[in-house]
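Here is the structure we will look at.
The chain is numbered in sequence order, starting from 1. Computation of the quantities below employed the complete heavy-atom set of this structure, encompassing side-chain atoms and omitting hydrogens, waters and symmetry-equivalent molecules.
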Amino acid sequence: MTFSIVGRDEAGTALGVAVASKFLAVGAAVPAAEAQVGAVATQAMANLRYRPDGLVLLREGKPASTVVAALTRDDEQREHRQVGVVDAEGGSGSFTGSECIGWAGHRTGPGYAIQGNCLVGPDVVAAAEAAWCAARAPSLARRLLSALGAGDAAGGDRRGRQSAALLVVAPGAGYGGGSDVLVDLRVDDHPTPVAELDRLLTLHGLYFGKPDPESLLALDENLRSEVAGHLTRLGHDPGADFDRAYETWIGTENYEERHVAGFIDPVVLERLRAQERT
């Protein structure tokens with residue numbers, strides 16, 4: 001009772017899953033991904049073993065189509081299952097059991113697998129595929145969400161809306177470079193979960209996005225004076241130690257991923273100016 005897209009970016013570095021459903025906390029059940037290995041979505045009468053077992057097979061170098069066949073072959077309930085897989089090379093595979101609640105079906109292509117069940121009709125996966133193929137999104141997360149949004153706009157789950165999730169992995173892309181989890185966002189219970197997921201992804205970009213090196217502004221005397229004034233009025237008086245006061249404000253506001261010593265990200269500068277205005 002879900003629709004999802006599993007995908008890989010064109011550079012071959014990021015893998016992920018976007019999913020929506022009339023189901024509580026769908027992100028806790030459907031998606032799994034491992035950097036440089038592959039991604040899996042298990043749904044319908046979801047077999048949660050498909051997630052770790054699928055990643056093991058992908059880690060062994062099995063192509064996505066082989067993984068799908070292996071996962072479903074010995075599963076006595078396979079006709080009630082649905083699964084989509086994309087491997088690290090961009091190969092894809094999907095399976096829709098004959099007993100899945102209609103409308104149910106899937107579409108696959110290079111770097112993507114789209115599947116859904118209990119949908120208003122085939123237009124859901126068709127719209128998601130069209131959006132995926134047409135997208136010029138700046139990131140895999142945005143491209144996956146664009147496809148999910150198109151499926152949602154086409155009607156999505158015929159029972160209604162409740163939850164959505166987005167998982168994207170890439171080598172060393174997590175917070176502080178300490179993990180491979182680039183994006184892990186979940187909307188567990190919401191009347192418009194895909195729209196809410198979009199809002200959260202925008203916030204994720206603000207707090208965890210990296211600054212554009214070409215746009216960084218050097219903290220020269222004039223800019224330091226402006227920033228110091230803002231900090232003072234916000235209760236972070238720099239006194240004789242501007243750098244410490246500025247870095248404290250950065251940490252307090254959770255902009256540390258955008259911090260580059262000696263410079264200020266224009267995004268952060270605008271937030272600083274806006275914070276004082278409010």
Side-chain angles (χ1 to χ4, degrees), residues 1-7 15-33 39-54 64 67-68 71-72 75 77-86 92-108 112-129 131-132 141 143-168 183-198 200-201:
M1 292 76 77
T2 302
F3 64 103
S4 67
I5 175 167
V6 187
L15 294 147
V17 181
V19 57
S21 182
K22 180 66 171 68
F23 185 88
L24 180 67
V26 70
V30 170
V40 178
T42 177
Q43 57 196 56
M45 194 170 79
N47 184 341
L48 300 194
R49 287 301 315 171
Y50 282 5
R51 298 184 304 175
D53 292 351
V67 172
V68 169
L71 291 174
T72 56
D75 185 349
Q77 298 296 319
R78 62 183 171 274
E79 297 306 330
H80 297 274
R81 315 284 197 203
Q82 196 169 45
V83 60
V85 178
V86 170
S92 62
S94 191
F95 172 83
T96 301
S98 61
E99 297 300 319
C100 288
I101 298 173
W103 188 87
H106 59 264
R107 294 190 177 202
T108 61
Y112 70 90
I114 303 169
Q115 42 285 317
N117 63 91
C118 201
L119 303 183
V120 297
D123 288 351
V124 176
V125 293
E129 181 181 46
W132 169 266
R143 191 176 183 188
L144 289 169
L145 189 54
S146 174
L148 194 73
D152 186 56
D157 190 319
R158 63 184 172 90
R159 300 165 305 160
R161 298 171 173 88
Q162 186 170 10
S163 65
L166 178 64
L167 174 64
V168 177
V183 178
D184 187 0
L185 297 173
R186 301 179 183 184
V187 178
D188 289 343
D189 186 24
H190 196 279
T192 55
V194 176
E196 177 65 4
L197 191 61
D198 184 274
L200 293 179
L201 184 58

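Minimum heavy-atom separation, V40 to V17: O-CG2, 3.6 Å. When all heavy atoms of L24 and S163 are compared, the pair lying nearest together is C-OG, 4.2 Å. The nearest pair of heavy atoms linking A150 to A131 is CB-CB, 3.5 Å. Closest heavy-atom contact between A165 and V26: N-CG1, 4.4 Å. The minimum heavy-atom distance between G16 and L144, with the atom names listed, is C-CD1, 3.7 Å. Considering every non-hydrogen atom in both G7 and W132, the closest pair reads CA-CH2, 4.0 Å.
Atom NE2 of residue H80 and atom CG of residue D75 lie 10.0 Å apart, to the nearest 0.5 angstrom. With values rounded to the nearest 0.5 angstrom, L148 atom CG is found 8.5 Å from I5 atom CD1. With values rounded to the nearest 0.5 angstrom, Q82 atom CD is found 8.5 Å from T2 atom OG1. Atom-to-atom distance recorded for R186:CZ and L166:CG is 11.0 Å, nearest 0.5 angstrom. In this structure, R81 CZ and M45 CE are separated by 4.0 Å, a value rounded to the nearest 0.5 Å. Here CZ of R158 is found 13.0 Å from NZ of K22. Values are rounded to the nearest 0.5 Å.
The pair R159-D157 meets the salt-bridge criterion, with a side-chain N (NZ, NE, NH1 or NH2) lying under 4.0 Å from an Asp/Glu carboxylate O.
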- Message: Go through it in stages, so that I can follow the logic: the residues are V194 and R161, the test is side chain to side chain contact (heavy atoms under 4.5 Å, CB included), and I'd like the CA-CA distance, side-chain angles, deciding distance and then a yes or no.
- Response: CA-CA 9 Å; V194 176; R161 298 171 173 88; over 6 Å; no
- Task: Before giving the answer on side chain to side chain contact (heavy atoms under 4.5 Å, CB included), spell out for T72 and Y50 the whole-Å C-alpha distance, their side-chain angles and the decisive distance to 0.1 Å.
- Result: CA-CA 9 Å; T72 56; Y50 282 5; 3.7 Å; yes
- Can V6 and V85 be said to form a side chain to side chain contact (heavy atoms under 4.5 Å, CB included), step by step? CA-CA 6 Å; V6 187; V85 178; over 6 Å; no
- V83/Q43 under side chain to side chain contact (heavy atoms under 4.5 Å, CB included): CA gap, chis, key distance, verdict: CA-CA 6 Å; V83 60; Q43 57 196 56; over 6 Å; no
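Proximity of a side-chain donor or acceptor of T108 to a complementary backbone N or O of G93 within less than 3.5 Å is not detected.
Looking at heavy atoms from C-beta onward, P122 lies in side-chain contact with W103 at the 4.5 angstrom threshold. Side chains of D198 and L145 form a contact here, defined as non-hydrogen atoms less than 4.5 Å apart. Residues I114 and H106 have side chains not in contact (no heavy-atom distance under 4.5 Å, counting atoms from C-beta outward).
When the salt bridge (Lys or Arg N to Asp or Glu O under 4.0 Å) test is applied to R51, no partner is found at least two apart in sequence or on another chain. In this structure, the side-chain hydrogen bond (donor to acceptor under 3.5 Å, both in side chains) partners of R107, at least two apart in sequence or on a different chain, are E129.
Checking S4 against Q115 by side-chain atom types alone, a donor-acceptor pair falls below 3.5 Å.
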